[in-house]
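All values derive from a computational prediction rather than experimental measurement.
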Amino acid sequence: MSRPLLMIPGPIEISPSVQTAFGVAPPSHVSPACIAAFGASLAHMRTVWGASEDAQPVILAGSGTLAMDFAVANLVDAGDRVVVVNTGYFSDRIGEMALRRGAVVEHVRAEVGRAPLQDEILSAVEQLRPTHVFATHVDTSTGVRVDAQAICSIAAQVGAMTVFDGVCATAGERFNMAEWGADVYLTASQKAIGLPPGLGLLVMSERAVARRSTLRTPPPLYLDAAQWLPIMRAYEAQKPSYFATPSTNLVLALATGLKELLTEGMDGVVTRHQKAAQAMRAAWSQLGLEHLGPTSFAANTLSALRYPAGVDANLVASIAQHGAIVAGGLHPACKAEYFRVGHMGWVTTQPDDLVATVRAVELGLRDHGYEAQGAEAAFRTAWEG
Ligand code: PMP
């Protein structure tokens with residue numbers, strides 16, 4: 001590839017067919033092509049999310065933060081009690097959103113790079129008896145994945161609704177919305193779903209949809225499920241409809257991208273991400289790089305790696321010079337101590353691009369006087385094994 005690979009934890013490299021679908025002249029939001037793509041995308045989302053037929057998918061023009069605000073504004077009212085299973089920067093963000101709706105919010109935190117223990121979550125839930133439990137499936141600031149299924153079981157003990165921020169997880173990590181009984185699973189287009197940025201995507205359970213009619217404080221108009229759900233239902237019935245203009249090119253790209261995932265099958269897609277993560281970790285280990293926390297918490301979709309002794313954040317620019325754009329740290333407590341490499345979406349079908357990335361990290365490290373070699377061989381052995 002003549003340009004550097006985009007290997008940050010979103011936006012990411014996208015598949016050629018998604019790029020082609022995106023790159024057409026903008027269609028009208030009520031054109032047959034857009035209606036067909038919108039309707040198909042909503043139906044595909046249920047399968048990608050592992051959701052039941054009565055769950056409601058929603059496609060919004062906006063980023064992941066908008067999808068978070070949408071979920072919170074339609075589920076949480078003043079006086080509600082929210083437990084946030086906090087694994088970093090984005091857990092703080094959703095907690096702040098709940099506070100702004102007037103909820104009482106309690107964070108269950110862990111050391112940076114770890115997730116809270118199930119016993120700790122359970123005891124917070126038993127004490128606060130929350131109406132809602134929030135968690136970030138994979139926190140992009142730390143690379144930590146939580147056990148979403150276990151959190152659903154704990155929340156179910158007190159009948160609390162669950163909201164999972166899957167922005168850095170959906171389609172890269174296993175998630176079975178119906179089987180686990182989750183109420184909202186949300187994401188953004190620029191992550192493992194494999195599109196350019198610009199869509200907030202979520203699926204709501206029947207119970208989550210019903211909550212809107214009992215809210216005392218309605219959400220801001222653009223965030224209001226009562227405005228949007230009739231539009232989603234119309235699109236799924238292949239009928240034109242309008243509340244606010246959707247991002248039409250992204251909707252075309254979404255239909256193509258989701259179809260691509262479903263052709264492979266979600267088990268295959270998640271297994272591919274797992275395999276890529278294991279092979280990347282084999283390369284990091286060969287290079288002597290340490291993860292921010294124990295690898296038992298490490299996500300499929302990104303690696304958060306500590307700078308080795310004597311190397312600092314200038315490493316990120318050196319890696320870019322060797323052909324891969326990676327990201328610096330994000331967690332406020334230690335952002336200068338680590339960097340992040342995304343490995344999600346279409347690029348995980350391209351082992352040569354993943355090899356180019358581990359090579360770029362190796363060469364960047366060498367520029368900083370750190371002895372490093374063998375990343376490619378370690379990657380290929382793990383990938384093939
Ligand atoms: N949650 C997580 C886990 C994220 O990784 C991000 C983006 N990096 C967001 C929420 C916010 O998404 P956006 O930047 O698209 O608003």
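- Between F164 and C152 the shortest side-chain heavy-atom distance falls below 4.5 Å.
- Rounding to the nearest 0.5 angstrom, the gap separating the OG atom in S318 from the CG atom in L363 is 10.5 Å.
- Counting only heavy atoms from C-beta outward, the side chains of H291 and S303 approach each other to under 4.5 Å.
- Using modelled atom types, no side-chain atom of D77 and backbone atom of R101 make a donor-acceptor pair closer than 3.5 Å.
- Looking only at side-chain heavy atoms (C-beta outward), E173 and T301 come within less than 4.5 Å of each other.
- Contact check for E96 versus L99: side-chain heavy atoms found under the 4.5 Å cut-off.
- Looking at N300 and Q274, their side chains never bring a donor and an acceptor atom within 3.5 Å of each other.
- Side-chain N/O atoms of T140 and R340 include no donor and acceptor closer than 3.5 Å.
- Looking at heavy atoms from C-beta onward, V311 lies out of side-chain contact with F339 at the 4.5 angstrom threshold.
- Interatomic distance, OG of S123 versus CG of L128, reported as 11.0 Å (0.5 Å rounding).
- A donor-acceptor pair is defined here as one N or O able to donate and one able to accept, closer than 3.5 Å; such a pair exists between the side chain of E362 and the backbone of G374.
- Counting only distance, with no hydrogens or angles, the side chain of R81 and the backbone of V104 share no donor-acceptor pair below 3.5 Å.
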Between F134 and M68, is a side-chain contact (heavy atoms from CB on, under 4.5 Å) present by the stated rule, with each step listed? CA-CA 10 Å; F134 292 175; M68 295 160 79; over 6 Å; no
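- Distance CZ/F22 to OG/S189: 9.0 Å, rounded to 0.5 Å.
- Taking a cutoff of 4.0 Å between a charged side-chain nitrogen and a carboxylate oxygen, D353 and R359 do not qualify as a salt bridge.
- A salt bridge does not link E179 with R174: every distance from a Lys NZ or Arg NE/NH1/NH2 to an Asp or Glu carboxylate oxygen is 4.0 Å or more.
- No salt bridge links R233 with E236; every basic N to acidic carboxylate O contact stays at or beyond 4.0 Å.
- Side-chain atoms of T136 and D165 form no donor-acceptor pair, as typed in the model, at a separation below 3.5 Å.
- Side-chain atoms of Y185 and H137 form a donor-acceptor pair, as typed in the model, at a separation below 3.5 Å.
- A salt bridge is absent between R211 and D183: the closest approach of a Lys/Arg side-chain nitrogen to an acidic carboxylate oxygen does not fall below 4.0 angstrom.
- The 12-atom threshold is exceeded at CD of E264, counting heavy atoms of other residues, nucleotides or ligands nearer than 6.0 Å.
- Residues R212 and D224 are in side-chain contact: their nearest non-hydrogen atoms beyond the backbone lie under 4.5 Å apart.
- Atoms CG and CG, from L292 and L305 in turn, are 9.0 Å apart once rounded to the nearest 0.5 Å.
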